[in-house]
K.L.:
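Structure in structure tokens, see below.
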Amino acid sequence: MMRDHRVRILSNAPETLTYWRLRVRLSETIAIRPGQFVMARTREQWEPIWRRALVIYRAEEHAEGMDLEFLYKVLGRGTALLSRQRPGDELEMLGPLGNGFPHDADPDAEALLISGGIGLPALYLLAEALARDGRAVRLFHGEPTVEPERPLPFLDDFARVLEPEAITLATEDGSRGFPGLVTEAVEAYLERTRPGRAVLYACGPTPMLRRVAEIAAQRRLPAYVSLEARMACGFGVCLGCAVKTQFASEHMPHYRRVCAEGPIFRAEEVIWDEL
Amino acid sequence: MMRDHRVRILSNAPETLTYWRLRVRLSETIAIRPGQFVMARTREQWEPIWRRALVIYRAEEHAEGMDLEFLYKVLGRGTALLSRQRPGDELEMLGPLGNGFPHDADPDAEALLISGGIGLPALYLLAEALARDGRAVRLFHGEPTVEPERPLPFLDDFARVLEPEAITLATEDGSRGFPGLVTEAVEAYLERTRPGRAVLYACGPTPMLRRVAEIAAQRRLPAYVSLEARMACGFGVCLGCAVKTQFASEHMPHYRRVCAEGPIFRAEEVIWDEL
Amino acid sequence: MSCDLSVEIAGLRFKNPILTASGTFGYGLEFASWFDLGRLGGICTKGLSLEPLEGNPPPRIVETHGGMLNSIGLQNIGVRAFVAEKLPKLRQFQTHIIANVFGSCFEEYLEVIRILNDAEGISAYELNISCPNVKAGGMEFGNDPDEAARLTEACKRIARRPIIVKLSPNAGDIVRVARAVEEAGADALSAINTILGLSVDIYTRRPRLATGMGGLSGPAIKPIALRMVYQITHAVRIPVIGIGGIATVEDALEFLIAGATAVQIGTANYYDPLASIKIIEGLKRFCEQHGITTIRSLIGSLQMNERLA
Amino acid sequence: MSCDLSVEIAGLRFKNPILTASGTFGYGLEFASWFDLGRLGGICTKGLSLEPLEGNPPPRIVETHGGMLNSIGLQNIGVRAFVAEKLPKLRQFQTHIIANVFGSCFEEYLEVIRILNDAEGISAYELNISCPNVKAGGMEFGNDPDEAARLTEACKRIARRPIIVKLSPNAGDIVRVARAVEEAGADALSAINTILGLSVDIYTRRPRLATGMGGLSGPAIKPIALRMVYQITHAVRIPVIGIGGIATVEDALEFLIAGATAVQIGTANYYDPLASIKIIEGLKRFCEQHGITTIRSLIGSLQMNERLA
Ligand SMILES: Cc1cc2nc3c(=O)[nH]c(=O)nc-3n(C[C@H](O)[C@H](O)[C@H](O)COP(=O)(O)OP(=O)(O)OC[C@H]3O[C@@H](n4cnc5c(N)ncnc54)[C@H](O)[C@@H]3O)c2cc1C
Ligand SMILES: Cc1cc2nc3c(=O)[nH]c(=O)nc-3n(C[C@H](O)[C@H](O)[C@H](O)COP(=O)(O)OP(=O)(O)OC[C@H]3O[C@@H](n4cnc5c(N)ncnc54)[C@H](O)[C@@H]3O)c2cc1C
Ligand SMILES: Cc1cc2nc3c(=O)[nH]c(=O)nc-3n(C[C@H](O)[C@H](O)[C@H](O)COP(=O)(O)O)c2cc1C
Ligand SMILES: Cc1cc2nc3c(=O)[nH]c(=O)nc-3n(C[C@H](O)[C@H](O)[C@H](O)COP(=O)(O)O)c2cc1C
Ligand code: FES
Ligand code: FES
């Protein structure tokens with residue numbers, strides 16, 4: 001159930017030049033759907049006033065409750081403050097929030113998970129759930145660049161639930177893996193294998209999601225995208241996170257809330273020109 | 001010279017139920033007059049916006065520069081934030097600021113140092129300097145209460161520069177030392193010894209300082225008090241810290257700035273009714 | 001000894017002076033999973049218009065130091081859907097439901113009130129007069145004392161429940177508007193609504209909100225709101241509900257001492273859905289610690305010492 | 001490639017658009033030990049009156065979320081002492097000295113300007129019109145467009161240097177005052193001064209400032225100040241200097257893009273005496289990174305998209 005969980009930090013450290021990994025302990029277990037998020041703040045946080053949205057990357061139950069993991073990128077004040085918290089410090093996390101990915105959308109289809117940059121953490125629990133169900137799952141992950149001598153440790157997390165060869169890393173500058181955009185890697189794969197049935201699940205920057213939507217439309221494949229928006233509350237009351245979609249919710253001809261009806265939408269519902 | 005020093009925290013931990021000790025390292029040595037203070041903030045501090053005033057408790061030169069020590073009490077947002085900083089974290093400290101105690105006021109007089117609560121840190125460097133000059137020095141320190149089994153470690157600091165019997169602890173509830181107000185302990189001492197010449201140096205809550213001023217006036221002894229005021233800048237430009245005194249500064253018939261002309265004033269200059 | 005937290009406004013007894021502010025508490029039900037809504041003094045609904053409104057294009061919100069700007073565009077499901085779908089559940093809770101009402105013209109305000117008049121379970125109407133008046137060329141009702149008074153009078157004439165007029169800080173002189181609507185028959189006032197502000201994206205050189213400007217709320221505006229509430233309570237005789245940046249029990253107490261009979265919690269609900277409950281608990285604790293037997297003894301107890309600069 | 005940061009206001013060339021705000025930078029000399037004052041675009045002095053003023057009783061300041069309230073009471077050493085003791089040292093620095101002027105009546109403003117007219121090393125006068133007008137029963141000059149215009153005209157008639165009128169956000173309609181003083185001959189405007197606010201000590205039930213209310217400044221007010229500066233620049237043709245909560249280079253850029261020709265750094269000087277210098281360095285860096293060859297190309301470059309709520 002959604003609650004304001006007071007959690008204790010187990011670890012919080014940079015994992016690459018860009019990404020931090022945060023591990024926290026809950027004193028209870030909660031049911032989490034892949035792609036759900038929390039709204040987090042530090043204890044006695046006065047500034048910035050809003051909490052920050054973080055998708056639940058991994059979750060592990062144990063005797064004392066549950067450990068949650070997050071991956072994040074230090075962008076501005078909120079994430080900078082988070083990065084200064086240490087093991088033992090407490091955080092307040094509202095959640096789990098949002099709708100989550102429908103991982104039983106098409107049980108026989110191959111699942112193509114597509115992420116750009118910090119979009120990746122939205123996909124781990126989905127990969128795990130799909131793999132547990134014995135589904136064919138592939139991960140395509142894109143980065144602008146990857147320093148050759150520095151591995152991306154979080155890809156190893158995926159390698160433990162997926163076949164290693166089911167993971168494709170794409171770099172825009174060709175420094176590692178597929179040279180080009182992650183969506184080009186996906187297209188190349190679809191071109192090569194022409195899967196009869198496939199479902200696309202994507203999280204990443206808007207231009208990438210838009211391209212995923214185009215690819216899915218061209219090939220008539222279902223696609224689910226996880227959108228971002230500025231969020232004041234995260235639980236549906238400020239109406240600040242509205243995005244325009246083809247379908248209505250609660251008497252609204254167009255607008256739906258990323259935090260409540262989302263963050264995951266069918267790609268064809270999204271009106272990309274109005275994002 | 002006054003500068004915005006970026007200092008590194010060596011230690012920062014509670015020393016009693018009430019008092020925290022902070023030790024920081026400067027990469028250079030600076031000249032400090034007893035009773036001078038710094039205006040401190042954490043790195044990337046957005047809230048609260050003002051820095052907080054902390055008197056320099058102790059200072060120690062060494063090969064790499066200088067270590068400074070502070071004692072503080074967690075009262076509100078600023079000091080709570082400070083208490084959450086850890087060894088290795090950096091602080092920004094403007095200073096040294098203020099006028100400092102005139103420790104050569106009357107070279108032959110006995111120096112009576114009087115503090116209440118968190119007023120104590122203002123007096124250590126003074127005690128040290130006076131003792132170094134071979135002056136007769138006594139410390140009177142007052143607390144509301146002291147748990148019998150918990151010592152006040154910072155009194156040991158004073159015991160290393162003063163004779164142990166020159167230190168009087170007064171507790172309002174009589175839990176340790178002299179039973180009563182610290183000013184009563186001072187009066188009792190003056191009554192008993194009737195020193196021909198003595199100088200009073202005091203820091204603590206305003207009612208205590210006011211009483212010190214009365215005692216000094218009755219016995220015609222010089223007294224110096226360290227005042228507190230809300231401070232936005234600490235270096236003389238906001239005029240926010242003004243207090244009314246008998247004497248003028250810079251065309252001002254009455255008001256003087258606690259941060260610039262103070263924090264130390266002759267007790268008879270202060271207009272106590274207008275504080 | 002426990003303290004009596006109840007207050008009275010426009011003949012209504014509130015079990016405590018902590019209400020939630022319109023637009024920051026949804027239709028109330030969103031918070032029902034967080035705590036028993038019956039613990040609140042009252043709930044001001046999201047602003048209700050005659051027809052559903054879909055609101056402004058995104059981005060609609062931006063964070064600022066100590067606050068946020070919003071330009072939601074008064075998105076709401078419309079008064080009929082509120083009455084049909086939300087109210088039946090909402091009125092189950094032992095608290096006052098205050099319907100926040102607005103329109104783009106006179107008649108629309110009246111029509112919304114007429115519909116609400118027939119509904120059960122509403123205690124009062126709060127008129128949001130800081131809305132662009134379409135008929136008057138987009139000028140806000142709330143900025144002009146005469147317009148505001150006329151609107152109040154018209155609503156008062158047909159309303160079967162007390163009218164609280166919510167004042168805008170963007171009015172040239174909020175105190176004049178307060179006096180005008182009091183004279184026009186308002187039963188109570190609430191203040192303040194958001195303050196017009198702007199935030200600019202320096203990279204795109206566009207406003208950070210799709211609509212350009214937006215309304216500032218949150219702790220940043222508290223000193224301004226408190227000043228206005230003080231000024232208003234000293235200019236009128238009807239009760240004033242204080243709003244603006246209240247996030248802690250100390251904040252709420254400042255408004256009560258300055259003269260507010262009750263307060264509304266707004267933006268704080270977003271970053272802490274339990275904010276209003278924590279403030280109610282804090283009030284109880286404060287009163288107990290300070291031997292206060294009734295919260296009413298605090299209201300307006302500020303001893304002002306005005307000396308000119 | 002380095003960027004040309006210079007801007008022109010009222011015929012004066014400023015080497016960069018970063019000035020320091022009156023009352024937050026002392027008489028300038030207090031900062032001479034921090035950095036070379038010649039690096040600043042300009043310095044606005046502490047407000048100067050005919051006779052020394054001792055200011056208000058303490059407490060004079062209080063911190064709020066993202067800001068502070070002050071009621072210093074315009075303490076200053078008086079214009080003659082400023083000319084005799086401060087100016088000779090201050091004018092050694094390669095920057096514009098702008099004398100901030102105020103009085104409690106018309107004639108006092110004029111008298112201060114007459115004295116300054118004869119002094120060397122001042123570039124312009126900034127009229128602080130948000131002072132209580134003793135003759136008009138304490139009403140602020142700045143709140144009434146006609147009063148403000150009359151004052152501007154009178155000062156303009158005798159001033160040997162350009163007149164910048166500093167506008168108060170507490171005026172009923174700041175844009176009307178802006179238009180009125182432009183018509184009255186002001187060479188430039190600066191905005192905003194502090195916003196009237198209140199803070200209450202809940203334990204003593206008294207205001208936290210000895211004088212009751214005070215002026216709010218700091219990052220909290222930035223969105224309001226930016227909105228007003230935008231509105232003013234679109235209502236007048238003379239240059240506007242933006243003030244209000246500027247603490248970072250991003251803040252300064254927001255004001256320039258919104259239409260300000262230069263900005264003043266106020267409260268930030270208190271908690272970071274190097275704030276103005278850091279902002280100047282930040283401007284240079286921003287321009288280099290974005291291939292901006294002259295800062296003037298940024299001024300007023302905001303693309304507003306106003307859609308009504
Ligand atoms: C449902 C959801 C889940 C998320 N999960 C994660 C996650 O697991 N890991 C992670 O690193 N990030 C995640 N994000 C994004 C994260 O919330 C933002 O990066 C964070 O709020 C930035 O805060 P800040 O204070 O560091 O930056 P700010 O100072 O707030 O902003 C820095 C820059 O980022 C932009 N920005 C801020 N927030 C957002 C946002 N929500 N969307 C788009 N742009 C924004 C600002 O406009 C600004 O340009 C998620 C966002 C959403 C909506
Ligand atoms: C020259 C000088 C030297 C100081 N040295 C020390 C020191 O070495 N150790 C130490 O613990 N404290 C010292 N103080 C006091 C210290 O600066 C304040 O306790 C601190 O600013 C409180 O900040 P806060 O954010 O924790 O509390 P806030 O949230 O700002 O305030 C908590 C309460 O304390 C009151 N308060 C805050 N600041 C002051 C103040 N400056 N004077 C009086 N009341 C205040 C507030 O009104 C409020 O009631 C010194 C003060 C001055 C002026
Ligand atoms: C996102 C948002 C939406 C709001 N919607 C309404 C509304 O529909 N009707 C109304 O009268 N006030 C509305 N308000 C104003 C609040 O009720 C309140 O007056 C204002 O935010 C100041 O209080 P605060 O600082 O505690 O948030 C809204 C405020 C916010 C932040
Ligand atoms: C303590 C203090 C004193 C001030 N004194 C003056 C003054 O003498 N004359 C004046 O025109 N403005 C004065 N101001 C207003 C500032 O110049 C500035 O307009 C205002 O603080 C808003 O800017 P800020 O938010 O950057 O501080 C003062 C402000 C503060 C905080
Ligand atoms: S973030 Fe508030 S409704 Fe979605
Ligand atoms: S604190 Fe600013 S002048 Fe003293």
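Chain naming here is simple, since letters A, B, ... match the order of the sequence lines and numbering starts at 1 in each. Basis for what follows: all heavy atoms, side chains included, without hydrogens, waters or symmetry-related copies.
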K.L.:
So what's closer than 4.5 Å to chain C heavy atoms on Asn170(D): side chain, backbone, both or neither?
P.N.:
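Side chain only.
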K.L.:
Among Ala225(C), Gly172(C), Ala171(C), Gly67(C), single out the residue with the greatest number of heavy-atom pairs under 4.5 Å to chain D.
P.N.:
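Highest number of pairs under 4.5 Å: Gly172(C).
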K.L.:
Sort Arg60(D) into side chain, backbone, both or neither according to what part of it lies under 4.5 angstrom from a heavy atom of chain C.
P.N.:
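It is neither, since no heavy atom gets under 4.5 Å.
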K.L.:
If you measure from CE on Met304(C) to CG on Leu302(C), what distance do you get to the nearest 0.5 Å?
P.N.:
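Here the rounded value is 6.0 Å.
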K.L.:
With only heavy atoms counted, which part of Leu69(C) is less than 4.5 Å from chain D, the side chain, the backbone, both or neither?
P.N.:
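Side chain only.
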K.L.:
Is the side chain of Asn76(C) donor-acceptor paired with the backbone N or O of Ser49(C) at a distance under 3.5 Å, no angle test?
P.N.:
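It does hold such a pair.
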K.L.:
Give the table of side-chain donor-acceptor pairs shorter than 3.5 Å for residues 212-220 of chain C, with sequence neighbours excluded, one pair per line with atom names and distance.
P.N.:
| unit_1 | atom_1 | unit_2 | atom_2 | d |
| --- | --- | --- | --- | --- |
| Ser217(C) | OG | Thr267(C) | OG1 | 2.7 |

K.L.:
Do any pairs count as a salt bridge (charged side-chain N to carboxylate O under 4.0 Å, His left out) and have a residue in residues 210-228 of chain C, sequence neighbours left out, and if so which ones?
P.N.:
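Residue pairs passing salt bridge (charged side-chain N to carboxylate O under 4.0 Å, His left out), neighbours aside: Lys222(C)-Asp251(C), Lys222(C)-Glu254(C).
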K.L.:
Is it the backbone or the side chain of Phe255(D) that comes under 4.5 Å from a heavy atom of chain C, or both, or neither?
P.N.:
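Contact with chain C is absent: no heavy atom of Phe255(D) under 4.5 Å.
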K.L.:
Give the member of Pro223(D), Gly66(D), Ser301(D), Ala258(D) that has the highest number of heavy-atom pairs under 4.5 Å with chain C.
P.N.:
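Max contact count across the listed options: Pro223(D).
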K.L.:
Got a donor-acceptor contact below 3.5 angstrom from the Asp201(D) side chain to the Arg206(D) backbone?
P.N.:
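No; judged by distance alone, with no hydrogens or angles, the pair does not exist.
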K.L.:
Working to the nearest 0.5 angstrom, can you tell me the gap between Met68(D) CE and Tyr271(D) OH?
P.N.:
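Atom-to-atom, Met68(D):CE and Tyr271(D):OH are 10.5 Å apart.
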K.L.:
Pick from Leu226(D), Leu196(D), Leu253(D): which one has the most heavy-atom pairs with chain C under 4.5 Å?
P.N.:
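If we count pairs closer than 4.5 Å to chain C, Leu196(D) comes out on top.
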K.L.:
Looking at Leu74(C), Leu48(C), Leu167(C), Val101(C), which one forms a side chain to side chain contact (heavy atoms under 4.5 Å, CB included) with Asn128(C)?
P.N.:
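Only one of Leu74(C), Leu48(C), Leu167(C), Val101(C) forms a side chain to side chain contact (heavy atoms under 4.5 Å, CB included) with Asn128(C), namely Leu74(C).
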K.L.:
Which bit of Ile202(D) comes within less than 4.5 Å of chain C, counting heavy atoms only: side chain, backbone, both or neither?
P.N.:
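Contact with chain C is through both the backbone and side chain of Ile202(D).
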K.L.:
Would you mind checking which part of Thr64(C) comes under 4.5 Å of any heavy atom in chain D, side chain (CB onward), backbone (N, CA, C, O), both or neither?
P.N.:
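For Thr64(C), the contact with chain D is made by the side chain alone.
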K.L.:
Name the option with the most non-hydrogen atom pairs under 4.5 Å to chain C; the candidates are Ile195(D), Asp173(D), Thr204(D), Leu209(D).
P.N.:
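The candidate making the most pairs under 4.5 Å is Ile195(D).
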